[in-house]
Amino acid sequence: MGLELYLDLLSQPCRAVYIFAKKNNIPFEFKHVELFKGQQYREEFGKVNILKKVPALKDGVFTLAESTAILLYLSRKYNTPDHWYPSDTQKRARVDEYLSWHHTNIRGNAGKALWIKVLIPLLTGQTLPPEKLQEVMDELAISLKQFEEKFLQDKPFIVGSEISLADLMAIVELMQPIGVGCAIFEDRPKLSEWRNRVEEAVGKELFQEAHEIILNIKELSNIQIDPQLKEHLAPVLRKMMK
Amino acid sequence: MERSFSSVYLLCSYSQGQVVSASMHHLSPCCSLCPAGRMGIELYLDLLSPPCRSVYIFAKKNNIPFTFKQMEVLKGQQHSDGFGKVNILRKVPALKDGGFTLAESPAILTYLSQKYKTPDHWYPLDMKKRARVDEYLSWHHSAIRSSVFKIFWLKNMDRTFCPRASTFAKGLEGLWLTKCLTDWRPLVVFPLYMDQTAPEEKLQEALEDLTIPLKQLEEKFLQDKPFLVGNMISLADLVAVTELMQLIAIGYNILEDMPKLVEWRNRVEKAVGKELFQEVHKVILNFQDLNSMLIEPQLKEQMKPRLLKMVA
């Protein structure tokens with residue numbers, strides 16, 4: 001039994017893991033965990049990741065959660081090219097620094113646009129007032145400013161002249177609002193150029209493939225939502241809609 | 001420049017001192033063998049902050065020489081121009097190693113572990129064990145840290161707890177409340193400047209949010225092991241315990257009905273060393289002393305626009 005990666009490409013961190021594995025020709029079995037069908041709550045998946053989240057990894061009996069941990073594990077196990085996670089202490093620290101900051105700053109904000117525009121209406125039948133989206137976009141704008149000023153600066157990529165795990169984690173997250181029509185790269189030329197560079201470094205075909213679902217998310221408005229999923233998400237939804 | 005090292009060592013040319021003996025001359029400013037190079041590390045810390053405590057403990061425990069740069073977050077020192085050059089994100093902890101600056105505690109901890117070649121158990125070389133540390137450090141952010149942060153600031157706003165809290169301190173907390181708590185509904189700032197305590201239900205909500213993560217900490221991360229990753233303490237335990245101490249120290253006995261976690265916490269304290277553990281938690285354990293802190297009116301005025309921007 002080889003490496004298994006439990007993924008749903010709707011999820012940003014899943015895309016990072018998928019792209020990384022594919023780009024580096026890491027052989028794995030794609031285990032589809034369909035989030036809309038509530039498969040992350042099934043007992044079977046619970047054995048792989050008791051936190052009931054994707055992405056998750058299973059390597060023999062070894063299971064692992066958290067995309068950062070998964071990416072780092074894969075980079076070590078499969079000896080991927082140095083630029084992804086440099087062995088130079090200071091360059092590596094820059095990747096770690098970004099991955100840590102990413103959680104509370106980009107990751108928190110970027111995904112909300114999808115919730116507001118698609119998921120909440122889908123799950124509850126309610127639409128939220130436009131101010132809600134504006135609030136979220138304003139928060140994201142602050143994070144994007146910090147991203148440009150502190151992390152990207154005038155470099156081609158976050159850590160220097162080559163793509164790293166930092167760029168990968170960032171880009172998949174920022175593609176989420178794009179999928180629901182929030183043109184965050186418009187009026188941000190530096191960011192836009194970086195985005196193109198990252199897509200090129202990943203490879204256009206792989207990049208587009210990984211983002212097919214999110215870029216066609218509007219087509220999911222007719223999808224059947226598992227009723228149990230609604231139950232599981234009720235507390236989260238209540239909070240978001242307050 | 002402190003002159004606490006033996007005359008056998010020289011001042012590294014990087015530090016613009018004089019070379020005394022060629023055989024002892026170490027050219028690299030980052031050379032961990034050269035005391036002068038070693039003294040180049042500056043750690044910008046406020047021990048009120050859990051991530052700062054984990055960095056402090058780690059450096060002390062491993063005898064990593066550093067200059068302690070005291071930062072007082074409640075006094076807004078992270079907004080000074082000087083600190084902005086160290087960390088433009090204006091957060092603590094921050095590290096400065098010669099021309100190299102670094103933010104984010106997990107990055108600082110792993111940087112120090114690599115540079116100073118600390119004992120393996122902190123951040124094991126074994127891929128799977130290391131992955132477990134990475135997994136915890138990643139999960140910790142959203143699961144534990146965010147709730148602890150909220151609860152801390154909400155508790156701080158209680159007037160009965162901080163009877164002499166200045167308007168500024170309340171205002172600051174109020175603004176933080178607004179910034180942190182609400183993703184969906186902006187709380188009004190000004191009532192918090194004007195003699196109102198934090199809504200109790202917000203505090204209760206934040207405490208409830210911690211219930212499941214604590215359970216996951218026990219069932220997924222600790223299980224039946226002595227420490228989170230195995231038989232010995234690691235960065236994961238350090239980050240976890242310093243965070244939980246934030247609430248324990250201000251009177252929230254969050255581990256009350258969780259004996260397994262209590263035992264683990266005690267084990268971590270022992271592994272760190274009781275003296276060091278108590279020393280680093282002194283500030284938070286004596287939180288009430290902060291009530292006597294005087295904020296200059298000038299600073300209040302200086303902070304206002306920045307604080308207002310935070311919630312704009």
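The structure presented is a predicted model; accordingly, all values stated were derived computationally and were not measured. Chain naming here is simple, since letters A, B, ... match the order of the sequence lines and numbering starts at 1 in each.
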Chain A heavy atoms under 4.5 Å from T110(B): which part of the residue, side chain, backbone, both or neither?
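The side chain, not the backbone.
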On a heavy-atom basis, which atom in E104(B) and which in W101(A) lie closest, and how many Å separate them?
OE1-N, 3.4 Å
Looking at E66(A) and W139(B), what are the two nearest heavy atoms and their distance?
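Minimum heavy-atom separation between E66(A) and W139(B): OE1-N, 3.4 Å.
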Please state whether the side chain, the backbone, both or neither of [X] comes within less than 4.5 Å of a heavy atom of chain B.
X       : result
R92(A)  : side chain
Q146(A) : side chain
L72(A)  : side chain
T63(A)  : both

More than 12 heavy atoms from other groups under 6.0 Å of [atom1] on [X]:
X       : atom1 : result
K225(B) : NZ    : yes
E44(A)  : CD    : no
K150(A) : NZ    : yes
K155(A) : NZ    : yes
Q228(A) : CD    : no

Please lay out, stage by stage, how R130(B) and R76(A) fare under the test side chain to side chain contact (heavy atoms under 4.5 Å, CB included).
CA-CA 10 Å; R130(B) 181 165 283 204; R76(A) 287 165 192 143; 3.3 Å; yes
Please report the interatomic distance CD(Q90(A)) to NZ(K115(B)), rounded to the nearest 0.5 Å.
7.5 Å
Option in [options] with maximal non-hydrogen atom pairs under 4.5 Å from chain B:
options                         : value
E149(A), K53(A), R94(A), K77(A) : R94(A)
N109(A), I50(A), L64(A)         : L64(A)
F62(A), Y73(A), Y98(A)          : F62(A)
T104(A), N49(A), L51(A), D96(A) : L51(A)

E97(A): which of L102(B), L89(B), T101(B) passes side-chain contact (heavy atoms from CB on, under 4.5 Å)
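Only one of L102(B), L89(B), T101(B) forms a side-chain contact (heavy atoms from CB on, under 4.5 Å) with E97(A), namely L102(B).
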Residue, of K128(B), Q114(B), Q216(B), K220(B), that accumulates the most heavy atom pairs under 4.5 Å with chain A
K128(B)
Using a cut-off of under 4.5 Å on heavy-atom pairs, state which of A107(B), A103(B), S142(B), S138(B) scores highest against chain A.
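The answer is S138(B).
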